[in-house]
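Right, one structure below, let's go through it.
Side chains included, hydrogens not; waters and symmetry mates left out as well; all remaining heavy atoms used. Quick caveat, the model's predicted, so the values are computed rather than measured.
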Amino acid sequence: MAKKIVIANWKMNPDSVGRAIRIAKEIENNIHSSKNLDVVIAPPYVFLDSVRLTVKKTKLGAQDSFWEDVGPFTGRISWHQLKRLAVQYIIIGHSENRALGETNEEINQKINAVLGAGMKAVLCVGEVERRNDIVFPQIIQEELSLGLKNIKKRFLKNLVIAYEPIWAISTLKKAKSDNPKNVFEMSILIRKELLKMFGKKTAFSTPILYGGSVDEKNAAEFVKLGKVDGLLVGGASLNANKFTEIVRKVSGL
């Protein structure tokens, strides 16, 4: 059985270290250790160490990483620094960062650095709008091909793909979650693209997550009917009760 992954992406929340510790502690106390499930909390950088000292069963994630290990790069955080904080998962290419101007070339450098360091890179891909006349949006093909360009095959064992249709992200006013049927179809197309790029082994072993207005009510359907390997959870992950209910439902599948 492939290991499932549920990631809490806190984004720029909460507003204090005390609240971050409280949420992390509640999640930690309510989840059960499982060999078949990784539960990951990705807090803002400033809370990473406090969360690290709070959790044991829960793994630590970061919301981004620069491609250099050290150097004169004001405001950047490196994979090297994150690794020293016991971070195992790093989210790369989130739609919110892409919207602020992050390019596929920059994402490629980050992915290469993170995977080369032996850490798990969660590459986010997704389309801006849902169009029934387009089977596989070109933007996703480009995000995969350019984001993973020239990545050495031996590094791909730590790659994770997160499909997050931008129109379904909960912070948007008109957002609504995707449906499991469409997510299943998109996951097949993503695997076909990986097959063309890297071959059968990578295509079928790379975990694919879904992110986009995921909550405790629809989590099980997306994993079971959408045939994905886990979830990237945004807003609902700041509510410990909701997030642990999501984890409980995914772990029971």
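In this structure, the side chains of Leu238 and Ile23 come closer than 4.5 Å at one or more pairs of heavy atoms. Between Leu48 and Leu82 the shortest side-chain heavy-atom distance falls below 4.5 Å. Side-chain contact between Leu159 and Leu148 is present, with at least one heavy-atom pair separated by less than 4.5 Å. Here the side chains of Leu156 and Thr206 are not in contact, with every heavy-atom distance at 4.5 Å or above. In this structure the side chain of Lys242 never reaches within 4.5 angstrom of the side chain of Asp215, judged on heavy atoms. Considering only heavy atoms from C-beta on, Phe243 comes within 4.5 Å of Val6 through its side chain. In this structure, Asp64 and Lys110 have side chains that are in contact, with non-hydrogen atoms separated by less than 4.5 Å.
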Inset, instruction - Given side chain to side chain contact (heavy atoms under 4.5 Å, CB included), test Asn30 with Asn241 step by step and report yes or no. - result: CA-CA 8 Å; Asn30 288 333; Asn241 289 331; 4.2 Å; yes
Inset, instruction - For the pair Thr103 and Asn108, evaluate side chain to side chain contact (heavy atoms under 4.5 Å, CB included) and give the outcome as yes or no after the intermediate values. - result: CA-CA 9 Å; Thr103 67; Asn108 178 249; over 6 Å; no
Legend entry - CA sep, side-chain torsions, deciding dist, call: Gln63, Asn9, side chain to side chain contact (heavy atoms under 4.5 Å, CB included): CA-CA 7 Å; Gln63 298 175 21; Asn9 178 17; 3.5 Å; yes
Inset, instruction - Show the numbers, then the answer: is there a side chain to side chain contact (heavy atoms under 4.5 Å, CB included) between Asn158 and Met119? - result: CA-CA 7 Å; Asn158 284 323; Met119 305 168 78; over 6 Å; no
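Taking the salt bridge (charged side-chain N to carboxylate O under 4.0 Å, His left out) definition, one finds that Lys157 meets it with nothing, sequence neighbours left out.
For the salt bridge (charged side-chain N to carboxylate O under 4.0 Å, His left out) with Arg98, the qualifying choice from Glu164, Glu142, Glu143, Glu106 is Glu143, the only one to do so. Exactly one residue among Lys3, Lys224, Arg191 makes a salt bridge (charged side-chain N to carboxylate O under 4.0 Å, His left out) with Asp229. That residue is Arg191.
Note on Leu194 and Leu123: same hydrophobic cluster, where clusters join Ile, Leu, Val, Met, Phe, Trp and Tyr whose side-chain heavy atoms are under 4.5 Å apart, directly or indirectly. If you chain together hydrophobic residues whose side chains sit under 4.5 Å apart, Leu231 and Ile27 fall into the same group. A chain of hydrophobic side-chain contacts below 4.5 Å, direct or via other Ile, Leu, Val, Met, Phe, Trp or Tyr residues, connects Ile31 to Val214. Note on Trp10: it clusters hydrophobically with Val247, by side-chain heavy-atom contacts below 4.5 Å among ILVMFWY residues. The cluster map of Ile, Leu, Val, Met, Phe, Trp and Tyr, joined by side-chain heavy atoms under 4.5 Å apart, puts Val125 and Val233 in the same cluster.
The two residues Pro43 and Val51 have their closest heavy-atom pair at CG-CG2, 4.0 Å. Considering all non-hydrogen atoms of both residues, Pro165 and Gly211 come closest at CD-O, 3.6 Å. Scanning both residues, Ser65 and Ser78, for their nearest heavy atoms gives OG-C, 3.6 Å. Shortest non-hydrogen contact noted between Leu225 and Pro180 is CB-CB, 3.6 Å. Across Ala62 and Tyr45, no two heavy atoms sit closer than the pair CB-CE2, 4.4 Å. Looking at every heavy atom in both residues, Phe222 comes nearest to Val228 through O-CG2, 3.4 Å.
A salt bridge links Glu96 with Lys11: the closest approach of a Lys/Arg side-chain nitrogen to an acidic carboxylate oxygen falls below 4.0 angstrom. A salt bridge between Glu245 and Arg248 is present, with a side-chain N of the basic residue lying under 4.0 Å from a carboxylate O of the acidic one.
A donor-acceptor distance shorter than 3.5 angstrom exists from the side chain of Asn218 to the backbone of Ser213, with no hydrogens or angles considered. No side-chain donor-acceptor contact under 3.5 Å links Thr202 to the backbone of Gly199. Between the side chain of Ser237 and the main chain of Gly234, a donor-acceptor pair closer than 3.5 Å is present.
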Listed pairs under 3.5 Å, donor-acceptor, residues 83-93 side chains, sequence neighbours left out:
residue, atom, partner, partner atom, Å
Lys83, NZ, Ala117, O, 2.4
Arg84, NE, His80, NE2, 3.4
Tyr89, OH, Asp38, OD2, 2.6

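Side-chain polar atoms of Glu28 and Thr58 form a donor-acceptor pair below 3.5 angstrom.
Atom CG of Asn239 sits about 8.5 Å away from atom CD of Glu26, to the nearest 0.5 Å. Here Leu209 contributes atom CG and Lys4 contributes atom NZ; the two are 11.5 Å apart, rounded to the nearest 0.5 Å. Residue Asn36 holds its CG atom at 12.0 Å from CD1 of Ile5, rounded to the nearest 0.5 Å. Atom OH of Tyr163 and atom CG of Leu144 lie 11.5 Å apart (nearest 0.5 Å). Taking NZ from Lys217 and CD1 from Ile246, the interatomic distance works out to 11.5 Å, rounded to the nearest 0.5 Å. Going from atom CG of Asn182 over to atom CE of Met186 covers 6.5 Å, rounded to the nearest 0.5 Å.
Annotation for Lys192: atom NZ does not count as buried by contact number, only 12 or fewer foreign heavy atoms lying within 6.0 Å.
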